[in-house]
Number of protein chains: 2
Amino acid sequence: MRAQKLQTEIRREQIAQAALDLIGTHGLQALSIASVAERVGLVPSGIYRHFKSKDDLLSATLNLIGKRLLNNVESVRRETPDALERLRVLLMREIRLLLENQAIPRVVFSESIFSDSVDRKARVRAVITGYFQEVEKIVQEGQRKGRLRADVDPLTVVLMFKGMVLSAMVLWKVTGGSVDLVRQAEAAWELFRAAVSKAP
Amino acid sequence: MRAQKLQTEIRREQIAQAALDLIGTHGLQALSIASVAERVGLVPSGIYRHFKSKDDLLSATLNLIGKRLLNNVESVRRETPDALERLRVLLMREIRLLLENQAIPRVVFSESIFSDSVDRKARVRAVITGYFQEVEKIVQEGQRKGRLRADVDPLTVVLMFKGMVLSAMVLWKVTGGSVDLVRQAEAAWELFRAAVSKAP
DNA sequence: CTCCCATGTGAATCGTGATTCACAATTCAC
DNA sequence: GTGAATTGTGAATCACGATTCACATGGGAG
C-alpha cells in the first residue's frame, strides 16, 4: 500500500508530531526512524525526503515543544493581569500540558538530546531559559505591583514554582500515575502562595 | 598490558562505580560496555566475567545510587532531632550529592533505564519512593512535634522540598553550571521555611 | 493530456555496540 | 610446586538502526 503523497511542509509537521508522541509513549531511546515512519505510514527511507537526518528530526521536535511551552505562558498572560493568579493558572495548565505530552520532560531531561550536537544543546538551553525568563517576568511584575513579596530574588520564586511541577512529575512517573496530580498541585499551590504572596 | 586479576566482588564494585562516573560525565546514552571496560582497565569482554549483561550492570549502578541517597537521609537523621534543621541540612547535602554525582538525576530521569526491563523499572521506583518516604517521615515527625505546619499533607511538603532540588538541578544543567547552586538553595530554603514552618 | 519534479519504496550498505567463545595467565588450595 | 578454578584477552559474531540509492509513481504546471 502506497502512502499518499503530501507536501513536505505538511509531512514535516506530521512527522515531528509523530516523534513527539512516540517519545511520550515509549521514550527517547525507543525512538527510531523506523518507528516514526511506521506511525505516519511511510517507509523508513521516506523520512529522509523531509529530514536530513534523525538529528534534524529531533531538532524539529524540540521546536515543537518550545512553541507549546511559550504558548502556555503567553495565553496565561493574556487571561489575567494579576501575577498570583497568572502563576496559579500557569501551574495548572503546565501540569496538564505535561500530562498530555509526557515527551516534554523526557526530552528536557534527556542528556542524549542534550549532548549530541552542540547545536541542539544550545537550542534546548534556549527553550528552557526562555521559558524560565517568561515566568520570571511575571514574578517581577507581581513584585512591582506589590502583589508578591519583593524581598526575594525573582529567580528563587521561579525555581520554587518550577519545582512544584517537576517533583509532581517525578511522583507521577514513579507511582505509575496513581496520584491525583491536580489535587497535589492545588495543595502545593497553597503552600507556594503562602510563601511568596505579599503579607497584607 | 594485562590487567591485574581481582576478585569479582571488588571488580563488580569498581565497574559499577566506573559506570556511575561515566554516566555523570557523558550521559547514559554514551555508556557502552567498551567505555566502562576502558575506565577500569579491562577489555570489553572482561566485563562479562562480572556481569551477566549490560542490563545487569545498570542494575548494580542503580543500587549504588539508592544506597547513597538513603545514606544521606540516615546521617541527617542522626545529626539533629529537629525536623526543620534536618530538612535544611538534607537540602544542602542533597545539592552537594547531586553536584558530585550528576549521574543520579540522569539515571533517575532517564526513561531508558526506566522502561527497559520491568525488573529494573520496579527497582527505580523502589529507590525513589523509598527516598520520598524517608523525607516524608521527617516531615510527619516535625508536624507531630509542632515544628511544622500540621494543616498540610506531608506529601505536599515533600514535593515542595524535592522541587527545590530538582529545579535547581535543571537551572544548573541549563546554564552550564554558571549559577551558584548553594546560594540559590539557601534562598529557596528561606521561602520554603516560611511556607512550612509553624507560625509561632 | 503529458511531462517533470516532488515524494514514496525496497533493497543494500554501513557502523556501532553487545555478546560469545576459545585460549592465556594468574591465583589459590592442597 | 601443581592443578583446577577464576579472571583476563582478542577475535569473531550478531542484531539493530541509520542512511543511501536506484527506481516507481502521482499530481500539478504548461
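In the text below, chain A, chain B and the rest are named by the order of the sequence lines, each starting its count at 1. Below, each value reflects all heavy atoms present in this structure, side chains not excepted, and no hydrogens, waters or symmetry copies.
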Nucleotide N/O to protein N/O under 3.5 Å, stretch nucleotides 3-6 of chain C:
unit_1	atom_1	unit_2	atom_2	d
C:dA6	N3	A:Lys5	NZ	2.7

Rounded interatomic separation in angstrom, taking [atom1] from [X] and [atom2] from [N]:
X	N	atom1	atom2	result
A:Arg11	D:dG27	CZ	C1'	14 Å
B:Gln4	D:dG8	CD	P	9 Å
B:Leu42	C:dA25	CG	C1'	14 Å
B:Leu28	C:dG17	CG	C1'	14 Å
B:Phe51	D:dG8	CZ	P	12 Å
B:Gln29	C:dG17	CD	P	12 Å

Donor-acceptor contact below 3.5 Å, side chain B:Gln143 vs main chain B:Asp151
no
Check whether any side-chain nitrogen or oxygen of B:His50 sits under 4.0 Å from OP1 or OP2 of D:dT6, and answer yes or no.
no
Evaluation steps, side chain to side chain contact (heavy atoms under 4.5 Å, CB included), between A:Glu136 and A:Gln140
CA-CA 6 Å; A:Glu136 199 171 348; A:Gln140 283 169 335; 4.3 Å; yes
Is a salt bridge present between [X] and [Y], judged by a nitrogen-to-oxygen distance below 4.0 Å?
X	Y	result
B:Glu94	B:Lys162	yes
A:Glu134	A:Lys137	yes
B:Arg193	B:Glu190	yes

Please find the pair of heavy atoms, one from A:Tyr131 and one from A:Leu69, that lie closest to each other, and give the distance.
CE1-O, 3.5 Å
Going through the checks in order, is the side chain to side chain contact (heavy atoms under 4.5 Å, CB included) test met by B:Trp189 and B:Leu87?
CA-CA 9 Å; B:Trp189 170 256; B:Leu87 290 178; 3.8 Å; yes
CD (A:Glu85) with more than 12 external heavy atoms under 6.0 Å:
yes
What does the B/S/- profile of nucleotides 13-24 of chain D look like, 5' to 3', with a 4.0 Å heavy-atom cutoff to protein?
-----SBBBB-B
